[in-house]
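Chain letters run A, B, ... following the sequence lines, proteins first and then strands; every chain starts at 1. Basis for what follows: all heavy atoms, side chains included, without hydrogens, waters or symmetry-related copies.
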There are 2 protein chains.
Amino acid sequence: METARQPLADGELRSVEHSAPRTRVLDAALELFAEFGVSGTSLQMIAASVGITKAAVYYQFHAKEDIVIAVTERALGRLVPALERAEAQDDVPQARDDLLVDVIGMAVRDRRLVRTLQFDPVVVRLLAEHPPFQRFMDRLYRVLLGETGDDVLIEAAMLSGAISSAVMHPLLADVDDDTLRTRLTDLSRRLLGLTP
Amino acid sequence: METARQPLADGELRSVEHSAPRTRVLDAALELFAEFGVSGTSLQMIAASVGITKAAVYYQFHAKEDIVIAVTERALGRLVPALERAEAQDDVPQARDDLLVDVIGMAVRDRRLVRTLQFDPVVVRLLAEHPPFQRFMDRLYRVLLGETGDDVLIEAAMLSGAISSAVMHPLLADVDDDTLRTRLTDLSRRLLGLTP
DNA sequence: GTCTATATTATGATAGAC
DNA sequence: GTCTATCATAATATAGAC
């Protein structure tokens with residue numbers, strides 16, 4: 001039984017580059033995932049959207065789950081440089097605020113991504129099952145929150161949900177990136193008790 | 001009996017009662033929707049979960065979408081009394097805060113519900129397409145927010161997302177209802193600028 | 001009301017021609 | 001690398017027996 005191509009079975013999550021055809025598949029998949037959910041998106045739909053056949057999709061990724069993994073990995077990988085910068089920074093509050101700005105920036109820039117990454121049941125399961133994803137999320141939250149505890153956790157959950165929700169809300173699709181980013185950053189800092 | 005065939009084609013959303021078999025199907029469906037998403041849940045899974053056959057499910061609801069509609073209607077219907085109470089209340093800020101407390105109460109009580117209602121692509125589409133759902137959401141937000149405008153909308157989106165996220169977060173599953181409710185209410189009031 | 005059996009369509013996936 | 005053709009399986013849905 002095919003355990004799936006395991007891009008990150010042992011190693012750490014990292015920024016990944018894909019070939020042009022693979023990138024086209026991933027872009028189309030992401031778009032469809034955001035609209036119909038992962039389970040609601042068939043390989044047929046992805047193939048049609050790219051303008052190729054199902055078999056051609058299978059040449060690039062030989063299972064649907066591989067596409068989901070690649071989409072998730074590519075998205076989170078984009079945050080790796082920001083995370084490493086924050087971890088290397090001595091000034092802890094500053095590192096925290098820098099990373100927060102980066103995370104919000106990415107959420108606003110790739111709005112469609114957020115619905116899938118944060119709330120799709122298939123992706124949520126994937127994140128919980130693959131250790132590299134888990135380790136990455138741990139690192140991210142360690143910088144953003146410091147220690148753990150129920151109160152901090154509630155804040156964190158509210159924060160990530162607040163950002164995600166605002167960013168993917170249909171009625172806010174027309175709000176320009178700058179406005180949204182500014183407002184989100186202000187409110188997020190308030191929620192985290194950061195006072196810049 | 002057949003009260004809810006086309007439950008909301010023309011009329012307003014209201015609290016609905018279902019027969020025992022229908023209720024069993026809806027409960028099972030909701031549970032599965034929360035875990036696997038609507039698209040990731042088959043009628044087979046629902047039937048197996050109830051302990052009946054697919055055909056028996058079709059006797060109660062003659063299409064999968066009918067189940068989704070019924071689940072959504074039943075959930076939102078539970079908020080109707082609270083909404084009507086708030087609309088009848090003269091003291092506007094008080095009405096707003098009362099409704100907020102009710103909404104948070106329901107979110108905390110039926111945590112699994114939230115993921116499906118707020119974030120499942122199928123349900124989101126349903127809410128957008130069926131006028132009774134739209135009208136209900138309009139009424140809800142009118143009481144909670146007063147007027148509309150980008151700034152208020154951003155706050156609203158962040159608020160609903162913050163509540164939803166906190167309530168459905170796996171790491172917060174063990175936090176007891178009272179703690180969660182109290183913390184959520186405090187932070188929500190802060191976000192809305194309510195000062196009770 | 002619930003069952004078995006079945007029709008129909010779509011799914012994920014593979015083999016092999018070009 | 002991309003195609004056509006095809007596979008087995010599972011999906012939604014229906015008909016009809018009990």
Residues in side-chain hydrogen bond (donor to acceptor under 3.5 Å, both in side chains) with A:Thr116, at least two apart?
->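 In terms of side-chain hydrogen bond (donor to acceptor under 3.5 Å, both in side chains), with neighbours along the sequence ignored, A:Thr116 is linked to no residue.
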Using whole Å, report how far OH of B:Tyr58 lies from P of C:dA5.
->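 In whole Å, C:dA5 P lies 19 Å from B:Tyr58 OH.
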Using a cut-off of strictly less than 4.0 Å between a heavy atom of the residue and any atom of DNA chain D, enumerate the qualifying residues of residues 34-43 of chain B by number.
->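 Hits under 4.0 Å, by residue number: B:Thr41, B:Ser42, B:Leu43.
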Which residue pairs pass the ring-ring contact (aromatic ring centres under 6.0 Å, His included) test with at least one member in residues 72-119 of chain B, sequence neighbours excluded?
->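 Listed once each, the pairs are A:Phe119-B:Phe119.
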May I have the distance from B:Glu65 (atom CD) to D:dA11 (atom C1'), rounded to whole angstrom?
->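 So the two atoms are 16 Å apart, to the nearest Å.
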Residues which pass side-chain contact (heavy atoms from CB on, under 4.5 Å) with B:Val92, listed by chain and number, not counting sequence neighbours |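 Residues passing side-chain contact (heavy atoms from CB on, under 4.5 Å) with B:Val92: B:Arg96.
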Which pairs with one or both residues in residues 162-181 of chain B pass salt bridge (Lys or Arg N to Asp or Glu O under 4.0 Å), sequence neighbours excluded?
->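 Qualifying pairs: B:Arg111-B:Asp177, B:Asp178-B:Arg181.
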Considering residues at least two apart in sequence or located in another chain, which fulfil the side-chain contact (heavy atoms from CB on, under 4.5 Å) criterion with B:Asp91?
->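 Only B:Gln89, B:Pro93, B:Gln94 meet the side-chain contact (heavy atoms from CB on, under 4.5 Å) criterion with B:Asp91.
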Please tabulate the protein-to-nucleotide N/O contacts below 3.5 Å involving nucleotides 2-5 of chain D, giving atom names and distances.
from: D:dT2; atom 1: OP2; to: A:Gln60; atom 2: NE2; distance (Å): 3.1
from: D:dC3; atom 1: OP2; to: A:Thr53; atom 2: N; distance (Å): 3.1
from: D:dC3; atom 1: OP2; to: A:Thr53; atom 2: OG1; distance (Å): 3.2

List in chain and number order the residues that pass side-chain contact (heavy atoms from CB on, under 4.5 Å) with B:Arg115, two or more places apart in sequence or in another chain; answer none if no residue qualifies.
->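 B:Arg115: side-chain contact (heavy atoms from CB on, under 4.5 Å) contacts with A:Val124, B:Met168.
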Side-chain contact test, heavy atoms from C-beta onward, threshold under 4.5 Å: evaluate it for A:Ile154 versus B:Leu172 and give yes or no.
->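 Side chain of A:Ile154 against side chain of B:Leu172, heavy atoms only: contact under 4.5 Å found.
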Could you give all pairs that pass the ring-ring contact (aromatic ring centres under 6.0 Å, His included) test and reach residues 142-174 of chain A, with sequence neighbours left out?
->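 Sorted result for residues 142-174 of chain A: empty, none.
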Going by number, which of residues 120-129 of chain A have a non-hydrogen atom under 4.0 Å from DNA chain D?
->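 Heavy-atom cutoff 4.0 Å gives no residues at all.
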Expressed in angstrom and rounded to an integer, what is the separation of A:Lys64 atom NZ from C:dT14 atom C1'?
->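 So the NZ-C1' distance, A:Lys64 to C:dT14, works out to 18 Å.
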Expressed in angstrom and rounded to an integer, what is the separation of A:Gln44 atom CD from C:dA13 atom C1'?
->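 Distance check: A:Gln44 CD to C:dA13 C1' gives 13 Å.
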Atom pair distance, as rounded to whole Å: NE2 in A:His62 and C1' in D:dG1 =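 Answer to the nearest Å: 16 Å.
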Review item, side-chain donor-acceptor pairs of residues 74-88 of chain A, under 3.5 Å, at least two apart:
from: A:Arg74; atom 1: NH1; to: A:Asp27; atom 2: OD1; distance (Å): 3.1
from: A:Arg74; atom 1: NH2; to: A:Asp27; atom 2: OD1; distance (Å): 3.0
from: A:Glu87; atom 1: OE1; to: A:Arg139; atom 2: NH2; distance (Å): 2.9
from: A:Glu87; atom 1: OE2; to: A:Arg139; atom 2: NE; distance (Å): 3.0

Is there side-chain contact between A:Leu187 and A:Arg183, with heavy atoms separated by less than 4.5 Å?
->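 When only atoms from C-beta onward are counted, A:Arg183 and A:Leu187 do touch, with a gap below 4.5 Å.
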Exercise answer: donor-acceptor pairs, residues 31-42 of chain B side-chain atoms, under 3.5 Å, sequence neighbours excluded:
from: B:Glu31; atom 1: OE2; to: B:Arg112; atom 2: NH1; distance (Å): 3.1
from: B:Thr41; atom 1: OG1; to: B:Leu32; atom 2: O; distance (Å): 3.3
from: B:Thr41; atom 1: OG1; to: B:Gly37; atom 2: O; distance (Å): 2.7
from: B:Ser42; atom 1: OG; to: B:Gln44; atom 2: N; distance (Å): 3.4
from: B:Ser42; atom 1: OG; to: B:Met45; atom 2: N; distance (Å): 3.1

